[in-house]
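First the proteins, then the strands, lettered A, B, ... as listed; each starts at 1. From a predicted model like this one, the values you see are computed outputs, not experimental measurements. All values below come from the heavy atoms of this structure, side chains included, with hydrogens, waters and symmetry mates left out.
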2 protein chains.
Amino acid sequence: MADAEWSPMRTPGHYISRIARAFARIGDMRLRELGFATAQLPVLTALKDGARLSQTELARWAKVEQPSMAQLLARMERDGIIRREPDPRDRRSSLIALTDDARAKLPAGRAILEAGNREAMHGLSDEEVATLISLLQRVLANAEEMERRAAP
Amino acid sequence: MADAEWSPMRTPGHYISRIARAFARIGDMRLRELGFATAQLPVLTALKDGARLSQTELARWAKVEQPSMAQLLARMERDGIIRREPDPRDRRSSLIALTDDARAKLPAGRAILEAGNREAMHGLSDEEVATLISLLQRVLANAEEMERRAAP
DNA sequence: TTATATTATATAGGCCCCTATGTAATCGGA
DNA sequence: TCCGATTACATAGGGGCCTATATAATATAA
């Protein structure tokens, strides 16, 4: 940061950040015709078989904070992707389910995403993809450990 | 997306997205004491030796769109990190430079980030880190190629 | 030299994520 | 049973990224 030799632009973190943004742009562009977005994927997969989950359960599943999920669900409800039903067991909570309309589009969405993933891994052997996933899992575990130590 | 077998949560893209968010949270938390943020790193490194660059040059260097850089620079100017001077050669443009105050904090910021990078790569051999970087570079190249083909 | 690109910023509008905090309902133990 | 702790959700405020579009200044070509 004060030395010409050190380059934070060639660090794994910076590559990861650029790839994350690029994947989001590409996925969102391709899913737009179906009315989906990449941020919705965890919700769509959690609810795909007709399951009904609470907002908190969805937030935990998607690994985002509760207010992030609240906003995402608000947009998805506005766009007709999900529907809320009161939870008979807990008056604080609602159960969230996919609309039939959204459910009907899931197979097309899945096809788009699988094709995108294949393109993104183009030129990498199966073994290299497995290596990449394994290294990413280890780095993610390190990051989570760093956060755990900072805020127990 | 409609099949119990397929899990978009175990895809390289999703791991990458989670790592990117975790790194940003950790880096921002640690840099806060200096008044810096991870999004500012490309700007800080580009200007560290007293260089003066335009907004467009900084956006290209940081690999973000021009309005993103405009907003980032507005926050950095508000926070006393950068200063704008009119460009004598082009009245549309300003030249952006670090304040002395920000420059004085760069070595501390660099130390924080280098320590964070080491922790994030904990348990990975030098060779594994090199492999990870190489795989990420190839995936990033694929992603950029996908965007180039979609919008030439 | 004048009309036409092209370029540098600015601005508007939106998505997605975060922290901090408030409110209401539920749970658990004295 | 009743009260304090926990839990579910809502809301406020902000960072950071994006696309689309407007405006002004510069560059280029007929």
Atom pair distance, as rounded to whole Å: [atom1] in [X] and [atom2] in [N]:
X: Leu53(B); N: dT7(C); atom1: CG; atom2: C1'; value: 17 Å
X: Leu58(A); N: dC17(C); atom1: CG; atom2: C1'; value: 17 Å
X: Asp87(B); N: dT7(C); atom1: CG; atom2: P; value: 16 Å
X: Glu77(B); N: dA10(C); atom1: CD; atom2: C1'; value: 14 Å
X: Gln55(B); N: dT7(C); atom1: CD; atom2: P; value: 16 Å

> What is the per-nucleotide protein-contact pattern of nucleotides 14-26 of chain D, from the 5' end, where B denotes a base atom under 4.0 Å from a protein heavy atom, S denotes such proximity for sugar-phosphate atoms only, and - denotes neither?
Replying inline: -SBBBBB----BS
Mind checking what makes side-chain contact (heavy atoms from CB on, under 4.5 Å) contact with [X], not counting sequence neighbours?
X: Ala39(A); value: Leu72(A)
X: Thr11(B); value: Asn117(A), His14(B)
X: Asp87(B); value: Arg89(B), Asp90(B), Ser93(B), Leu95(B)

>> Strictly by side chain to side chain donor-acceptor pair (under 3.5 Å), give each pair with a member in residues 60-76 of chain A just once, sequence neighbours left out.
In response: Gln55(A)-Gln66(A)
> In the hydrophobic clustering that connects Ile, Leu, Val, Met, Phe, Trp and Tyr at side-chain heavy-atom distances below 4.5 Å, which members other than Met29(A) occupy its cluster, ordered by chain and number?
Replying inline: none
> Distance from Thr38(A) atom OG1 to Asp28(A) atom CG, nearest 0.5 Å?
Replying inline: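 Output value for this atom pair is 3.5 Å.
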> Under 4.0 Å between a side-chain N/O of Thr56(A) and OP1 or OP2 of dT7(D), yes or no?
Replying inline: no
>> Just N and O in the side chain of Ser93(A): are any of them under 4.0 Å from OP1 or OP2 of dC9(D)?
In response: yes
